[in-house]
Number of protein chains: 2
Amino acid sequence: MAQFNDTSAEIPGTPCLICEHGGLAFCGPGPGDADEPSRLSAMLGQVNLIAHDSVFREGDPATHLYSISQGAVKLYKLLSDGRRQVTAFLFAGDFFGLALDGGYAYTAETMTPALLCRFPRRKLEALFAEVPRLERRLLGLAIDDLAAAHEQMLLLGRKTAREKVASFLVMLDRRAARRGHHGPAVALPMSRSDIADYLGLTIETVSRTLTQFRRDGLIGLPDLGHAVLREADRLRQIADGG
Amino acid sequence: MAQFNDTSAEIPGTPCLICEHGGLAFCGPGPGDADEPSRLSAMLGQVNLIAHDSVFREGDPATHLYSISQGAVKLYKLLSDGRRQVTAFLFAGDFFGLALDGGYAYTAETMTPALLCRFPRRKLEALFAEVPRLERRLLGLAIDDLAAAHEQMLLLGRKTAREKVASFLVMLDRRAARRGHHGPAVALPMSRSDIADYLGLTIETVSRTLTQFRRDGLIGLPDLGHAVLREADRLRQIADGG
DNA sequence: CGAATCCTTGACAAGATTCAACTCGGGTGG
DNA sequence: CCACCCGAGTTGAATCTTGTCAAGGATTCG
């Protein structure tokens, strides 16, 4: 585990695809500052991973900051007996790996083949002095993550299975739209087991709830990897406790 | 609600007590940089709140950043039907209120009478340019919060009631020790209802679990507001899923 | 084509919630 | 001064949502 795919292990200097992603990630170009992206791309490296490969593990020294160029990644934490909590699903344009000297707080694993950009933490910190806007951006992204974490705590602590699954589908749909995916179906690159561990449920409960939504005409399930939100408004209502 | 106590509404320029708290909060003095604290205290204001007073509400415009000088504060989010998730308990030296233009992501309420330091967000951002170390500190604190949030997700999604309550007691004990409180009893300034909403349980389950711990000799409950961890190691073991 | 893995479905069990009664302690007012 | 009241907490019994265990079906991949 944790090996990088041989085909293109690391390509320093190659321009980062996510820099084209409209500023979603921290390496995106900012207004009136054309110099910064080139400085960043000069220090970033790309890593190409196969599906179900681990990027780093909880407790590993936090050497790099990652940004997803292509593919999907999940973050999770484990209890000693193997119980797992998936804390985030990430897609193109998202970043992860923000950590202090204590090491990464979670394990990061690809769900699909993925192309990641990564930045050495040390070099990035040195660059902060020259480009303060960078650190501001990173702080903003951390605050976004924090808000998402609080929202997930509300879900885990206080929502029913039905509300959790509805929230999950609505969240994926909203984020897919933000990335420009406006097709009828939302992609589910994660397994039922991943979904269960994200929502604090079992795979059986996730499966049963999805089936019930399908029977009620709220969603379509054309195949295991996709869901169609037929009654998105109703799902949003369920997600918020209605 | 949300009124400041009349007795000492705001005292600009008064030195912030938490600046003496050994660098726990972001306004603490750093090595070789005696200038910064004075600049900060020049722009901070103190607010004195009674118990069970709200500091700000979820969605309010994020005008200030807060730091606790004295007292205890809780953060929470609500669902439309009143279900509540407490996302954090905060004590002297802790800070809160980090938010972007979307407004605060949670409501903040005192649990005890509290003395807070607050910094206007606008002015703080202006100061970032002059004192880059400040922004670095804030980013570090945000990363700490993020790690705590992930830990809480693991608790909410995957721990049993017994493990949740044990984790809660151990967490309070560890944080009290960090603040220099080494007495035999850990303070519980929050109500059973707050604890339940923090752990994703009901007050009855919290009460029953505490009683069971007491019967098993793991803890003492001298009064409603205190707990004595008699078997701290065993509690830590339970908290981690043993 | 076969084997393995993932998912779905069903029957049953259990941990936590709900509902309800009771206790305790503090504050108030007769 | 003390009885009363009220809110908070505890305890008990019944219920229920979700988890556990087990079997069957589907999809994928060698």
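Below, chains carry the letters A, B, ... as their sequence lines are ordered, and counting in each starts from 1.
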Quiz item: Side-chain N or O of B/T160 less than 4.0 angstrom from OP1 or OP2 on C/dG15?
Solution: no
Quiz item: Taking the side chain of B/T205 as its heavy atoms from C-beta onward, which of C/dT18, C/dT17, D/dG9 lies nearest to it?
Solution: C/dT17
Self-check item: Flag side-chain contact, heavy atom, 4.5 Å: A/H181 against A/V186
Solution: no
Quiz item: Side chain of A/R208: nearest nucleotide among C/dT8, C/dG10, D/dT18?
Solution: C/dG10
Self-check item: Side-chain H-bond candidate by donor/acceptor type, A/R234 with A/Q237, under 3.5 Å
Solution: yes
Quiz prompt | Closest listed nucleotide, where the reference is the side chain of A/T202 and the choices are D/dG19, D/dA13, D/dT10 | solution = D/dG19
Quiz item: Quick one: which of B/D197, B/D194, B/D94 gives a salt bridge (charged side-chain N to carboxylate O under 4.0 Å, His left out) with B/K74?
Solution: B/D194
Exercise. Answer yes or no on whether A/R179 is positioned over the face of A/F91, meaning its NZ or CZ is under 6.0 Å from the six-membered ring centre and within 45° of the axis.
Key: yes
Quiz item: Taking CZ from B/F213 and P from D/dT10, how many angstroms apart are they, rounded to a whole number?
Solution: 14 Å
Quiz item: How would you label the contact of B/G200 with the nucleic acid (heavy atoms, under 4.0 Å): base, sugar-phosphate, or nothing?
Solution: sugar-phosphate
Exercise. Using whole Å, report how far CZ of B/R158 lies from P of D/dT18.
Key: 13 Å
Practice problem: When you get a sec, tell me which of D/dG12, D/dT18, C/dC7 is the closest nucleotide to the side chain of A/A161? | Solution: D/dT18
Exercise. Choose from C/dT9, D/dG9, D/dT11 the nucleotide whose nearest atom is closest to any side-chain atom of B/L224.
Key: D/dG9
Self-check item: Options D/dT10, C/dT17, D/dT11, nucleotide nearest the side-chain atoms of B/L201
Solution: C/dT17
